Amino acid sequence: MKVEREELLHIAKLANLKISEDEIDKYLLNLQDILNFANVVNKAPVEGLKETIGTNSNYNVFRKDQVVEFEDQESLLQNAPEEEGHMFKIPKVIN
Amino acid sequence: MDITELTVHELKERLDKCEITSEEITKAYLERIDEKEPDIDAFVTRLDQDAIKRAKEIDLSKKENKKLGEYAGIPIGIKDNMCTKGIKTTCSSRMLENFISPYDGTVVDKVLNQENMINLGKLNMDEFAMGSSTENSYFKKTRNPWDLSRVPGGSSGGSAAAVAANMVPWALGSDTGGSIRQPASLCGVVGLKPTYGLVSRYGLVAFASSLDQIGPITKDVKDSAILLSLIAGHDEKDTTSIDIPKKDYTLDLKNNVKGLRIGVSKEFFGDGINQEVKDALQQAIEKYKELGAIVEDTSLDIAEYALATYYIIACAEASSNLGRFDGIRYGYRTKNYETLKDIFINSRSEGFGAEVKRRIILGTYVLSSGYYDAYYKKAQQVRTLVKNEFAKNLEKYDILLTPTSPITAFRFGEKSENPLEMYLSDICTVSVNVAGLPGISIPCGLDKNGMPIGMQLIGNYFQEGTILNAAYTYEMNTHFRENYKPTFKGGNN
């Protein structure tokens, strides 16, 4: 499958990434290369095989729905690029 | 006696007999790091002061007969994608350059807080563990101790190089498609990827959640068995971790492979594998026969399918896992924004390196409508095929023997311009992750340039004891570590 320029830009947008004008050709080339290779999965003899999501037998692992307090709030907030009054600060969203 | 030459089990013997203190061990390592770090560049964060302080505390606690772990006072190095409380965890990314974890990951908690080992620092890696040469680190290039003009492999390149250069006695790495085994192979040390679910992933920065596992990188097989015994075990904070009884893997080391059934897949010895690698492996096979193992040729024709499947699944999961990096609660935030959307897009575009972005885009592509069935769904079916083919072989054989890497350590820049070529260097290791099996890499010789060659032994689910014993028996009868040492040649320093 050939990857078009517009498609790459659409995918980048979905992933919240911006690709600069001078990088586009290189990304297209790399992506095409990798996808051509990845296409061998379509030649594999998988007729009738189920999909594997995980490799072990764990299924629906439940625990008690108990609130556990994480007390060290300071250490959480110290990583925030911007905070105010113990809250994460972002630009205004609603006009 | 050079302390940093000793394995951990040798160090422990001396500690137990009070012939040496933790402070002496730690100081010896810090001096070695001072000496070799300019050549190797293995560390993202060094913890010299903390390490000495902690070593003194542990020596004192021992004198007071306080209850400490069996390996208390032994230093360790930790790959920089495992959360360490109060210490930077960067994933070698600009995105997390200043991230300080508010908690310890489960494995980190086990080795540092329960066992009371001493953290010498956080080790370099490919950004978010994406790469096979550690060239994708945002901070620095780690060099291979056997030839400083060559890569150490990746993504746990800092961990493997530090162990090979005696800058740490052992280290923790993580393996998503070969990231423990391949650098261990390229640096001439021992690297083990446990069965998926044996070791908790809580606090390991997620790359591809259905493939990632933490494991030991060590100087010898016995140390590998020791460190695995310490880090394995069920953890309710990781729902994919398996609840099986804890065991001491050193008890499996019998130095005996009589009657062990070893399968050698001809597909793993094809055209893409370097002739010197094949020759070294052939010698190892002869050695196993001599030691009484039953070695047979078998067919395991999945390497190419598995590699394609791996890159589809790993990138798909990465595109989802790395969605959390948005410049709001932690991580890099762009200076260039007006709206919230600007923060997301510009923080991610500036904070991630080229390979990470490439994989996020590839992952988003294979999950997007129109391509989901052709790539992602198909890859998951191929995953079943890979599991089935392994299962057939592991009914007949106790272990499967392959090269770890098709080539030995390559030079800087040799593959970094062509991502697909770099991906192909994972051809021997990824299928093990795709199936969720355990695999170990041990050194089995040098090529004509003096670069280590690695042998991979693959076992059945939770049969780490079997592959450890096979590796141990080989090691006991060949003595790679006694015969060969890194030369640190080829550097500018």
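From a predicted model like this one, the values you see are computed outputs, not experimental measurements. Residue numbers start from 1 in every chain, and the chains themselves are labelled A, B, ... in the order their sequence lines are given, proteins ahead of strands.
The nearest pair of heavy atoms linking A/Q78 to A/S75 is CG-O, 3.2 Å.
With B/N433 contributing its side chain and B/T176 its backbone, the two residues share a donor-acceptor pair below 3.5 Å. The backbone N or O of B/T106 lies less than 3.5 Å from no partner atom in the side chain of B/K237, so there is not a single donor-acceptor pair.
With chain B as partner, the option from A/I53, A/V41, A/D72 having the largest number of non-hydrogen pairs under 4.5 angstrom is A/V41. Most heavy-atom pairs under 4.5 Å with chain B: of the set A/S20, A/A15, A/A12, this distinction falls to A/A15. The candidate with the highest count of non-hydrogen atom pairs below 4.5 Å against chain A, out of B/A379, B/G363, B/G436, B/S349, is B/S349. Per-residue counts of heavy-atom pairs under 4.5 Å with chain B were compared for A/L76, A/N30, A/T55, A/N79; the largest is that of A/N79. Ranked by heavy-atom pairs under 4.5 Å with chain A, the list B/V366, B/I343, B/I242 is led by B/I242. Ranked by heavy-atom pairs under 4.5 Å with chain A, the first of B/F99, B/F352, B/Y310 is B/F99. Between chain A and the residues B/T195, B/I302, B/L307, the largest count of heavy-atom pairs under 4.5 Å involves B/L307. Note on B/R383, B/R329, B/K378, B/K377: by heavy-atom pairs under 4.5 Å with chain A, the leading option is B/R329. Most heavy-atom pairs under 4.5 Å with chain A, from the set B/S209, B/A435, B/S101, B/G86: that is B/A435.
Contacts between residues 367-374 of chain B and chain A, counted as heavy-atom pairs separated by less than 4.5 Å, involve B/S368, B/Y371, B/A374. Proximity to chain A among residues 314-328 of chain B is limited to B/G327, B/I328, judged by heavy-atom separations below 4.5 angstrom.
Proximity to chain B is absent for every atom of A/L77, based on heavy atoms less than 4.5 angstrom apart. Proximity to chain B (any heavy atom under 4.5 Å) is restricted, for A/I19, to the side chain, taken from C-beta onward. Contacts of A/K89 with chain B are made by backbone atoms alone, with heavy-atom separations under 4.5 Å and no side-chain atom involved. With a 4.5 Å cut-off on non-hydrogen atoms, B/D243 does not touch chain A at all. Heavy-atom distances place no part of B/V386 under 4.5 Å from chain A, backbone and side chain included. Using a 4.5 Å cut-off between heavy atoms, A/E74 makes no contact with chain B at all. For a residue to count as touching a neighbouring chain, one of its non-hydrogen atoms must lie under 4.5 Å from one of that chain's; by this rule B/I312 touches chain A with the side chain only. If you measure heavy-atom distances from A/V93 to chain B, the contacts under 4.5 Å come from the side chain alone. For B/K357, the parts lying under 4.5 angstrom from a heavy atom of chain A are both the backbone and the side chain.
Between the CD atom of B/Q380 and the NZ atom of A/K50 there is a distance of 14.0 Å, given to the nearest 0.5 Å. Atom-to-atom distance recorded for A/L8:CG and A/L31:CG is 6.5 Å, nearest 0.5 angstrom. Taken to the nearest 0.5 Å, the CG atom of B/L362 stands 5.5 Å off from the CG atom of A/L35. Expressed to the nearest 0.5 Å, how far CG of B/L340 lies from NZ of A/K92 amounts to 14.0 Å. Distance CD/A/E7 to CG/A/L28: 9.5 Å, rounded to 0.5 Å. Rounding to the nearest 0.5 Å gives a distance of 11.5 Å between OG of B/S132 and CD of B/E421.
The number of heavy-atom neighbours closer than 6.0 Å to CD of B/E236, taken from other residues, nucleotides and ligands shown, is 12 or below. Environment of CG in A/N60: crowded, with over 12 heavy atoms of neighbouring residues, nucleotides or ligands closer than 6.0 Å.
At a cut-off of 3.5 Å, with distance as the only test, no side-chain donor of B/D238 or B/S241 sits close to an acceptor on the other residue.
Looking at heavy atoms from C-beta onward, B/E464 lies in side-chain contact with B/F462 at the 4.5 angstrom threshold.
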field: Derivation of the side chain to side chain donor-acceptor pair (under 3.5 Å) call for B/T384 and A/E51
entry: CA-CA 6 Å; B/T384 308; A/E51 295 152 50; over 6 Å; no
task: Could you walk me through whether B/Y103 and B/Y202 pass ring-ring contact (aromatic ring centres under 6.0 Å, His included), step by step?
output: CA-CA 10 Å; B/Y103 67 95; B/Y202 180 73; 5.2 Å; yes
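Judged as a salt bridge (charged side-chain N to carboxylate O under 4.0 Å, His left out), the pairs with a partner in residues 331-352 of chain B (not counting sequence neighbours) are, in order, A/E82-B/R333. Pairs engaging residues 37-70 of chain A under the ring-ring contact (aromatic ring centres under 6.0 Å, His included) rule: none recorded [sequence neighbours left out].
Not less than 6.0 angstrom separates the ring centroid of B/F128 from the ring centroid of B/F207.
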